[in-house]
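Worth saying up front: this structure is predicted, and the values here are computed from it rather than measured.
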Amino acid sequence: MYSVKNLERISMEAGDIRKYLKLSDSEFSGFGEIYFSYANKNFIKAWKKHNKMTMNITVVYGEIKFVFYVDGNFKELILKGSESKLLTVKPGIWFGFEGIGENNLICNIANLEHSEDELERKEILDLEYKWR
């Protein structure tokens, strides 16, 4: 499914450090690629389901609404860059997200390189979820 945990934040006068993911973390399931994705305000990126990929996502800045479709039910999660959270999404979960803030950026450390062969996509209206 998916899980959320607090990230370690080290406060420093010169600027904070936010520890994201270590080899020894239970969420780490290998390395395939790191990518950043911008989410413009009120723009929705949905729906997709990875069949093999595990994603480890953090909101770098801004505010993002994530929606998951699990066992016939929708679950919502809002993450802010200021909160220092790690979202782990296991394979087999339909999800989408929407930019809520003015400037939004997520970072994903995935265990596999992106491949259209391992994921499924649906149009936004294929799942009956009210984004607004």
Within a strict 4.5 Å, meaning less than it, do heavy atoms of the H50 and L112 side chains meet? no
Which pair of heavy atoms, one from M55 and one from Y35, lies closest together, and at what distance? SD-OH, 4.4 Å
Between L119 and H114, is a side-chain contact (heavy atoms from CB on, under 4.5 Å) present by the stated rule, with each step listed? CA-CA 9 Å; L119 68 89; H114 174 81; 3.5 Å; yes
Indicate the ring-plane relationship of Y129 and F74, choosing parallel, tilted or perpendicular according to the 30° and 60° boundaries. tilted
Could you pull out all residues at least two apart from F66 that satisfy ring pair (Phe, Tyr, Trp, His ring centres under 6.0 Å)? F97
Closest approach of G99 and I64, non-hydrogen atoms and distance? CA-CD1, 4.2 Å
Can you tell me how far apart CD1 (I109) and CD (E27) are? Round to the nearest 0.5 Å. 11.5 Å
Cluster question for you: counting only ILVMFWY and a side-chain heavy-atom cut-off of under 4.5 Å, with indirect links fine, are V89 and L127 together? no
Is there a path of hydrophobic side-chain contacts, each under 4.5 Å between heavy atoms of I/L/V/M/F/W/Y residues, joining F43 to I124? no
Identify the heavy atoms of M53 and P91 that sit nearest to each other, and give their distance. O-CG, 3.4 Å
N6 and K85: side-chain contact (heavy atoms from CB on, under 4.5 Å), yes or no, with the steps? CA-CA 5 Å; N6 292 322; K85 304 271 187 188; 2.5 Å; yes
Check this for me: K5, atom NZ, are more than 12 non-hydrogen atoms of other residues, nucleotides or ligands nearer than 6.0 Å? yes
Hey, mind stepping through V67 and W47 against side-chain contact (heavy atoms from CB on, under 4.5 Å) and telling me if it holds? CA-CA 9 Å; V67 179; W47 298 99; 3.7 Å; yes
Within the distance-only criterion (no hydrogens, no angle test), does the side chain of N108 pair as donor or acceptor with the backbone N or O of N56 below 3.5 angstrom? yes
Between the main-chain N or O of N51 and the side-chain N or O of E118, is there a donor-acceptor pair closer than 3.5 Å? yes
From OG (S84) to NZ (K19), nearest 0.5 Å: 13.5 Å
Could you tell me the separation between the CZ atom of F68 and the CD1 atom of I93, rounded to the nearest 0.5 Å? 8.5 Å
With clusters defined by side-chain heavy atoms of hydrophobic residues (ILVMFWY) lying less than 4.5 Å apart, directly or transitively, does I34 cluster with L7? yes
Would you say L79 and L105 are hydrophobically clustered, going by side-chain heavy atoms of ILVMFWY under 4.5 Å? no
Determine, using the 4.5 Å side-chain heavy-atom cutoff (strictly less than), whether L21 and V59 are members of one ILVMFWY cluster. no
Once you round to the nearest 0.5 Å, how far does CG of L77 lie from CG of L87? 6.0 Å
Is the number of heavy atoms from other residues, nucleotides or ligands within 6.0 Å of CD (E113) greater than 12? no
Distance-only donor-acceptor check, side chains K52 and S115, under 3.5 Å: no
Smallest heavy-atom separation, G96 atom then A46 atom, equals CA-CB, 3.7 Å
So which heavy atom on T54 is nearest to which on S29, and how close? CB-OG, 3.5 Å
Does K65 have more than 12 heavy atoms from other residues, nucleotides or ligands lying within 6.0 Å of its NZ? yes
Return yes if some donor-acceptor pair links the side-chain N/O of K49 with the main-chain N/O of K122 below 3.5 Å, else return no. no
Kindly compute the distance separating SG (C107) from CG (L86), expressed to the nearest 0.5 Å. 10.0 Å
Test side-chain contact (heavy atoms from CB on, under 4.5 Å) on K48 and F95 and set out the steps. CA-CA 6 Å; K48 71 174 153 179; F95 75 100; 3.8 Å; yes
If you count the non-hydrogen atoms of other residues, nucleotides and ligands that lie under 6.0 Å from OH in Y61, is the total more than 12? yes
Are more than 12 heavy atoms from other residues, nucleotides or ligands located less than 6.0 Å from atom CD of E116? yes
CZ/R132 to CD1/I44 distance, rounded to the nearest 0.5 angstrom? 4.5 Å
